[in-house]
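Written below as structure tokens is the structure these notes are about.
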Amino acid sequence: MRARKLLSVSAALLLGVSLSACKSADPTPSSGEAAAGAEAAPPADPPIATSGGKLPSPSCAEVAELSGGLFDGLVFADETVTTYSDNPGETDVSCIWITEAAAKQSTDLAKHATVGFTFQWKDDAFEYESLESMGMAFSTPQTEEVGAFLLNKKESLDLDGPPSLSGPQLVKGNLSIGATGIGAMAGDAVVLDFTNQDMLDVQVEILKYMESRQA
């Protein structure tokens, strides 16, 4: 199950890259972003509703706002929704950003990078004790504060490192908020100037926001 979930996150991010190559990213930017030639925030669409009475995810515009400017200088690429026919209670919603070089289909592939968040729901709640006993999950003071944990191997998640395919997967109940990146580093050059910890900070803010709307 976890392998399929991680693949779904990767597929969503790769979809963002492929979409950028097929269409220009031209949602109307703000005046400041237009001057920079990039758009960090997507159009302000309404939140995406989920089935079965589950808490709806925030829209990608809301995610961008909750990021506190983390994606400034990046281009919003796509918002994708995937429901699995073999597991009808499971749905993925992804918000994807890419570098300006990727959006412009630059031949300088070293400057291409993709980053995004994926919201995943499953019918049954994740069980921390069993996952932790297998070395597949751990918690930090930050995640414990919101009653959540990380669905990652502790030794495999470098919170001080750049976003990667094995980025933080914040879990609470039957909800997982994944943060993933592709191409954050090109040799010694930094393409995405933020870390997995920065992504986790946003994930925690997203979770708080989602729960505040449920109250």
Side-chain angles (χ1 to χ4, degrees), residues 1-21 25 40-42 48 57-60 62-64 66-68 70-82 84 90-99 101-103 109 111-122 126 131 136-138 140 142-143 148-172 175-186 190-207 210:
M1 177 63 70
R2 175 165 165 75
R4 181 176 70 80
K5 284 299 186 184
L6 288 179
L7 285 173
S8 73
V9 178
S10 305
L13 289 173
L14 291 171
L15 176 62
V17 175
S18 63
L19 285 172
S20 72
I48 298 172
S57 72
S59 69
C60 291
E62 290 172 313
V63 170
L66 290 165
S67 74
L70 190 65
F71 302 136
D72 287 355
L74 299 180
V75 178
F76 177 69
D78 195 49
E79 181 171 54
T80 62
V81 182
T82 304
Y84 296 96
E90 299 185 13
T91 303
D92 291 358
V93 179
S94 300
C95 300
I96 304 166
W97 286 263
I98 58 178
T99 55
L109 298 182
K111 295 182 180 179
H112 285 219
T114 307
V115 67
F117 293 104
T118 296
F119 303 85
Q120 303 170 340
W121 291 262
K122 62 195 296 286
F126 293 90
L131 291 166
M136 300 295 295
F138 70 99
T140 69
Q142 182 182 25
T143 64
F149 63 89
L150 290 167
L151 188 58
N152 299 84
K153 291 185 177 180
K154 190 172 185 178
E155 65 274 14
S156 301
L157 178 60
D158 181 7
L159 289 173
D160 294 325
S164 66
L165 284 177
S166 57
Q169 306 286 318
L170 185 68
V171 169
K172 185 173 184 178
L175 169 66
S176 171
I177 305 174
T180 317
I182 296 176
M185 295 288 292
V190 177
V191 180
L192 298 176
D193 191 20
F194 47 86
T195 66
N196 282 317
Q197 180 61 61
D198 294 323
M199 297 288 280
L200 179 57
D201 291 344
V202 178
Q203 288 166 280
V204 169
E205 290 305 311
I206 291 171
L207 178 58
M210 293 174 71

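Keep in mind that this is a model prediction, so the values were computed, not measured. Starting from 1, each residue takes its place in the sequence as its number.
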In short, Asn152 meets Gly167 closest at the heavy-atom pair ND2-O, 2.8 Å
Rounded to the nearest 0.5 Å, the OG1 atom of Thr114 sits from the CD1 atom of Ile96 at a distance of 8.0 Å
Hits for side-chain hydrogen bond (donor to acceptor under 3.5 Å, both in side chains) against Glu205, two or more places apart or cross-chain, chain-then-number order -> none
Open item on the list: Would you say Gln142 and Gln197 are linked by a side-chain donor-acceptor pair, where the criterion is simply a distance under 3.5 Å?
Closed with: yes
Tightest non-hydrogen contact, residues Trp121 and Met210, listed as CZ2-CE, 4.2 Å
For Ser67, the side chain to side chain contact (heavy atoms under 4.5 Å, CB included) test, sequence neighbours excluded, returns Leu70, Phe71, Val202
side-chain hydrogen bond (donor to acceptor under 3.5 Å, both in side chains) filter on Thr195, not counting sequence neighbours, yields Asp198
Residue set satisfying ring-ring contact (aromatic ring centres under 6.0 Å, His included) with Phe149, at least two apart, ordered chain then number -> Tyr128
CG of Leu170 to OG1 of Thr140, rounded to nearest 0.5 Å, is 8.5 Å
For Ser166 and Leu157 the tightest heavy-atom approach is O-CD1, 3.5 Å
*Measure the shortest side-chain to side-chain distance between Val93 and Thr118 over non-hydrogen atoms and say whether it is less than 4.5 angstrom.*
no
Between Asn196 and Ser164 the two heavy atoms that sit nearest each other are OD1-N, 3.9 Å
Nearest heavy-atom approach of Met199 to Phe194 is SD-CE1, 3.7 Å
